[in-house]
Amino acid sequence: MAEAGETASAPFEGPEKLLEIWFAPSASAVPDANSPENGRTGLRKVPSAAWEEMLAIVKCQVLSVVSGAEMDAYLLSESSLFVSPHRIILKTCGTTLNLLGLPRILEIATNHANMPSVYQCFYSRKSFMFPERQLGPHRDWQQEVQFLDNIFRNGAAYNVGKVNGDHWLLYMTTPSDDSGATRSLSYSVSPPLIENAFPDYTIEILMSDLSPAARQPFFSTFSSPETPSSHALSLSRSIGINDIFPPHLTTLDAYSFSPCGYSSNALIRWGEDPFFSSSSNIADGAFAVEGYYTIHVTPEEGWSYASFECNVPLHPTRSSSAPDMNAIPDLKTLVQRVVSIFQPGRLSLTLFISSEDNESDETGESPVEAAQRAFRAALCAPVVEEQTHPETNGVNGKSLDENSPSYSSTTGKKEVRRRYRRTDKINYEFGAYDLAFASFESYDHK
């Protein structure tokens, strides 16, 4: 992805800065929860112009927006913004000034949504490829921590993974009666849950050194009447992005950058899936529980990178041996689908999940250990290659290379899955949250 004013030959920082701010423990706890306007409450009532003003400070702009029943997904020139009634997620790449948007976000929440206090805040990022290109507080992790400490009194910073290798940096505040931002509200300190008692859940797959075959589709050569959006949606179908989650439960918004790069946001109505709607946690399927995923791709050789992030609460593995393309995937299947598209030489995975007293399942296995098992099963199994429908054409009617990576059920591509070895495994318990972190490297990675 090339920023405005940059060429495809200039190094671009793909790894994103991820800021997530909760102003209440759930959508039902916002001040105007019982008085919606056009179905919107809390932060979703904020005018788009206010968010655009904040994004100008961050140095990015809105490309498009899709709205669901429970959140709005903004596709940005540098990544994504998700707005729920009680929570905002700002993910930006390149040399954007993500944290400089935080003071303005706090003002917007106070002035437009009557939420002058932060319930909890998370800031995280992978180690930068080109730290010397960063600006403002993002020049150094300690400067980022100091910036956040100047706003929050109950924050803690962590460095997860090898300092001299791929690692993940996290800053988080704990839910408390005094967040240190503006003033406090009397919220409970129990771990936040998605409505109906599903855990707060975020999986990230951060991939570097993409294979040449995986990178090639993201170099855009399109012209009128094709648009960046129509090209990206066609590309998403051809390489299997559409099949990561069931298309009938997905609203996808995508954009192809020129000369290269790709971004997409998707809203997932996971509460409509029988696996979830049959649960006692969703009463008679009364409403759709909605989540998101977002993908961003920087395909240039030398600094190729792709990221996938999703907050749908996935089961680690399901009993069925064959994945059902019409059902929400389990964690193992999701990892396989994503990694088979991008074919990274190296990748890191993080699963951040709310956990009351760090519960284990009936086998005694904790959620993060179950996730680690799913990661390893997805990536360290023997290589699988499976021919699908060879008659299908690719993007814009072009024929597909049989060695191109894909996990699509509807294209003619062969699935090509690398085999990986695990190079790092770390589990953390933070009280209200648990973290599973793992790094993998392809056997043929040089």
Enquirer: Any heavy-atom pair between the side chains of F23 and R87 that's under 4.5 Å?
Expert: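 The answer is no, as the side chains (C-beta and beyond) never meet within the 4.5 Å cut-off.
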Enquirer: Would the F198 and F276 ring centres measure less than 6.0 Å apart?
Expert: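 Yes, close enough.
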Enquirer: Between atom CD of E309 and atom OG of S80, what is the distance when rounded to the nearest 0.5 Å?
Expert: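 Here the rounded value is 8.0 Å.
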Enquirer: Identify whether NZ of Lys or CZ of Arg in R215 sits under 6.0 Å from the centre of the six-membered ring of F219 and within 45° of that ring's axis.
Expert: no
Enquirer: If you look at every heavy atom in P313 and Y201, which pair is closest and at what distance?
Expert: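 Looking at all heavy atoms of both residues, the shortest contact is CA-CG, 3.7 Å.
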Enquirer: Check whether the ring centres of Y262 and Y255 lie less than 6.0 Å apart, and answer yes or no.
Expert: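 Y262 vs Y255: aromatic centres not under 6.0 Å.
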Enquirer: With a 3.5 Å cut-off and no angle check, do the side chains of D253 and S64 form a donor-acceptor pair?
Expert: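 On atom types as modelled, these side chains qualify, holding a pair under 3.5 Å.
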Enquirer: Are T250 and H248 close enough that a side-chain donor and a side-chain acceptor fall under 3.5 Å?
Expert: no
Enquirer: May I ask you to check whether S307 and H296 show a side-chain donor-acceptor distance below 3.5 Å?
Expert: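 No, no side-chain donor-acceptor contact under 3.5 Å.
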Enquirer: Will you find, in the side chains of W22 and E20, an N or O donor that is under 3.5 Å from an N or O acceptor?
Expert: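 Note: W22 and E20 side chains meet the donor-acceptor criterion.
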Enquirer: Can you confirm whether L210 sits close enough to V297 that some side-chain heavy atom of one is under 4.5 Å from a side-chain heavy atom of the other?
Expert: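 Side chain of L210 against side chain of V297, heavy atoms only: contact under 4.5 Å found.
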Enquirer: In terms of side-chain heavy atoms, does S439 have a donor or acceptor partner in S348 at a distance below 3.5 Å?
Expert: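 Yes, because at least one side-chain N or O of S439 sits under 3.5 Å from a partner of the opposite role on S348.
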Enquirer: Does a donor on one side chain sit under 3.5 Å from an acceptor on the other, for E70 and Y292?
Expert: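 Checked: E70/Y292 side chains show no N/O donor-acceptor pair below 3.5 Å.
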Enquirer: Which is it for H138 and E144 under the side chain to side chain donor-acceptor pair (under 3.5 Å) test, yes or no, and what are the steps along the way?
Expert: CA-CA 6 Å; H138 301 293; E144 291 173 305; 2.7 Å; yes
Enquirer: Quick one: pull up SG in C260 and CD in E301 and give me the separation to the nearest 0.5 Å.
Expert: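 That separation rounds to 12.0 Å.
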Enquirer: Is it true that Y428 and Y433 have ring centroids separated by less than 6.0 Å?
Expert: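 Ring centres of Y433 and Y428 not closer than 6.0 Å.
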Enquirer: Would you please say whether a donor-acceptor pair under 3.5 Å links the side chains of T92 and N98?
Expert: yes
Enquirer: Between Y158 and Y171, is the gap from one ring center to the other below 6.0 Å?
Expert: no
Enquirer: Going by distance alone, is a donor N or O of one side chain under 3.5 Å from an acceptor N or O of the other, for T202 and N311?
Expert: no
Enquirer: Compute the ring centroids of Y443 and Y420, then answer whether they are less than 6.0 Å apart.
Expert: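 Ring centroids of Y443 and Y420 are no less than 6.0 Å from each other.
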Enquirer: Please tell me whether F308 and F342 form a close aromatic pair, meaning their ring centres lie under 6.0 Å apart.
Expert: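 No, the ring centres sit 6.0 Å or more apart.
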Enquirer: Quick one: sort the W141 and Y123 rings into parallel, tilted or perpendicular, breaks at 30° and 60°.
Expert: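 Geometry flag for Y123 against W141: parallel rings.
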